[in-house]
Amino acid sequence: MPRQVDQAAAVAVMLAAGLRPLEPRPASGANRGWRCHCERCGNEVAPHFSTVRAGVASRGPEYSGCRFCAAVERGRRQKEGMARKAETLMRKYGWVPLTPYPGALERWPCRCGVCGGDVEVTFAKVQDRGQDRCGPCSQTAKSMRLLAEQAGRAAVDLVAAGWEPLADYPGVHRGWKALHGVCGQIRYPLLSEIRAGEVCCSGCNGSVRLGDEEAAEFMRSAGFKPLEPYPGSQVPWRSQCLR
Ligand SMILES: [Zn+2]
Ligand SMILES: [Zn+2]
Ligand SMILES: [Zn+2]
C-alpha cells in the first residue's frame, strides 16, 4: 500500500513542524492547503504540504508550519536584533543599560558613564541627539566649561586687586584661595566683592598700602606688566598679560 506509507510519512513531516493534521492529506492535484491544528498556539491553519516539507528540511525543529506562530517568532527575532543594536549604541554613547531594552520610546534605566549616576533615558533621544551624559552631569559640565571660560578674566581682576591666585577659579561668589600681596597673608576673597570695589582682605582690611615699586614687582611676578601707576589695591589696575 504505497499510498498509505506516503500518508504516514507526510503526517510525520507535519508533526515535525508542530502541526496535527485534521484530515487526510489532500490529493496532490487538489491545489489547496492541508487543514491542521497548531500544537503550539491552537489555531487551525492550512499550509501546503510542499511548503512545510521544505521548511522542515531547511530549518529542522526551529521551523513552525503555522503562520501565526511563524509571525510571532519573526517578531521576537526582530525585537531581539533591535535590542542588541540598541544596547550597542547606548554603550557607544557611554550608557550602561540596567534592564533589557524596553522599546525606543520607553523610559530605560541606565547608568551614566561619565558620573556613574543612575537615570532613566529613552533610546530614541540618545539615538537622536547622541546624548552621552545625564542631566545633572551635563549641567556640571556646562558650569565647568563656563568657569574655564571666565577663569582668565577672573584672574586678571584678582591680580589687579593685589592678589595672587593660589587655586583654580571657583566662581564669582565662592572664596578664592589667594595670597594678598599687600599684607602677605593667605585669604579667601570673593571676586564678586573685589569687582564691587570692596575691601575684602580680612587679614589687613586694606589698611596696608604697598609701595608703588613693590606693587609693580608683584604684578610682574604674577605675569602682568602694569600700564599705569599703582592705583591702590582696591581699584582695577590696567595691565598687559605677559603670558
Ligand atoms: Zn501556531
Ligand atoms: Zn552623569
Ligand atoms: Zn591683606
Side-chain angles (χ1 to χ4, degrees), residues 14-22 33-47 51-52 55-56 59 61-77 90-91 93-98 108-121 125-126 129-145 158-166 175-191 193-194 197-211 214-215 218 222 230 232-235 237:
M14 297 311 263
L15 288 175
L19 302 174
R20 187 159 44 78
L22 298 172
W34 188 352
R35 282 179 50 235
C36 294
H37 173 88
C38 172
E39 310 250 56
R40 196 184 301 176
C41 71
N43 278 306
E44 189 182 316
V45 288
T51 308
V52 176
V56 169
R59 298 191 31 216
E62 274 199 8
Y63 177 75
S64 170
C66 163
R67 63 192 172 90
F68 301 109
C69 288
V72 169
E73 173 64 16
R74 250 197 321 276
R76 193 183 63 77
R77 260 206 304 273
M90 291 300 273
R91 286 176 194 280
Y93 280 119
W95 295 98
V96 180
L98 301 174
W108 193 359
C110 288
R111 181 156 300 155
C112 170
V114 178
C115 73
D118 292 351
V119 285
E120 289 183 330
V121 292
K125 273 190 194 155
V126 172
R129 308 185 198 151
Q131 188 187 346
D132 59 357
R133 47 178 66 187
C134 65
C137 184
S138 33
Q139 267 309 318
T140 310
K142 208 154 94 193
S143 48
M144 284 184 60
R145 220 168 26 242
L158 189 72
V159 169
W163 296 84
E164 182 181 348
L166 299 176
W176 191 354
K177 188 178 182 184
L179 178 75
H180 196 202
V182 176
C183 67
Q185 300 185 67
I186 293 172
R187 288 292 183 272
Y188 292 81
L190 305 179
L191 192 62
E193 292 186 354
I194 287 178
E198 288 171 32
V199 175
C200 62
C201 175
S202 55
C204 65
N205 286 320
S207 60
V208 182
R209 193 188 147 94
L210 222 55
E214 220 177 331
F218 171 76
Y230 178 47
S233 66
Q234 303 306 322
V235 182
W237 191 356

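First listed ligand is number 1; within each ligand, the first listed atom is number 1. None of the values given here were measured: they were computed from a predicted structure.
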Original post:
What's the verdict on side-chain contact (heavy atoms from CB on, under 4.5 Å) for L179 and Q185, showing C-alpha distance, side-chain angles and the deciding distance?
Top reply: CA-CA 6 Å; L179 178 75; Q185 300 185 67; 5.9 Å; no
Original post:
To the nearest 10°, how many degrees is the angle C115 SG to the Zn ion (ligand 2) to C134 SG?
Top reply: 100°
Original post:
Given ND1 of H180 on one side and SG of C204 on the other, what angle do they make at the Zn ion (ligand 3), to 10°?
Top reply: 100°
Original post:
Taking it one step at a time, do W163 and R187 satisfy side-chain contact (heavy atoms from CB on, under 4.5 Å)?
Top reply: CA-CA 9 Å; W163 296 84; R187 288 292 183 272; 3.7 Å; yes
Original post:
To the nearest 0.5 Å, how far apart are SG in C134 and CH2 in W95?
Top reply: 5.5 Å
Subject >> Euclidean distance, R40 CZ relative to L19 CG, rounded to 0.5 Å >> reply: 10.0 Å
Original post:
Can you give the angle C112 SG - the Zn ion (ligand 2) - C137 SG, rounded to 10°?
Top reply: 100°
**OP:** To 10°, measure the SG(C41)-the Zn ion (ligand 1)-SG(C38) angle for me.
**Re:** 110°
Subject >> Other residues, nucleotides, ligands: >12 heavy atoms within 6.0 Å of R67 CZ >> reply: no
**OP:** To 10°, measure the SG(C183)-the Zn ion (ligand 3)-SG(C201) angle for me.
**Re:** 120°
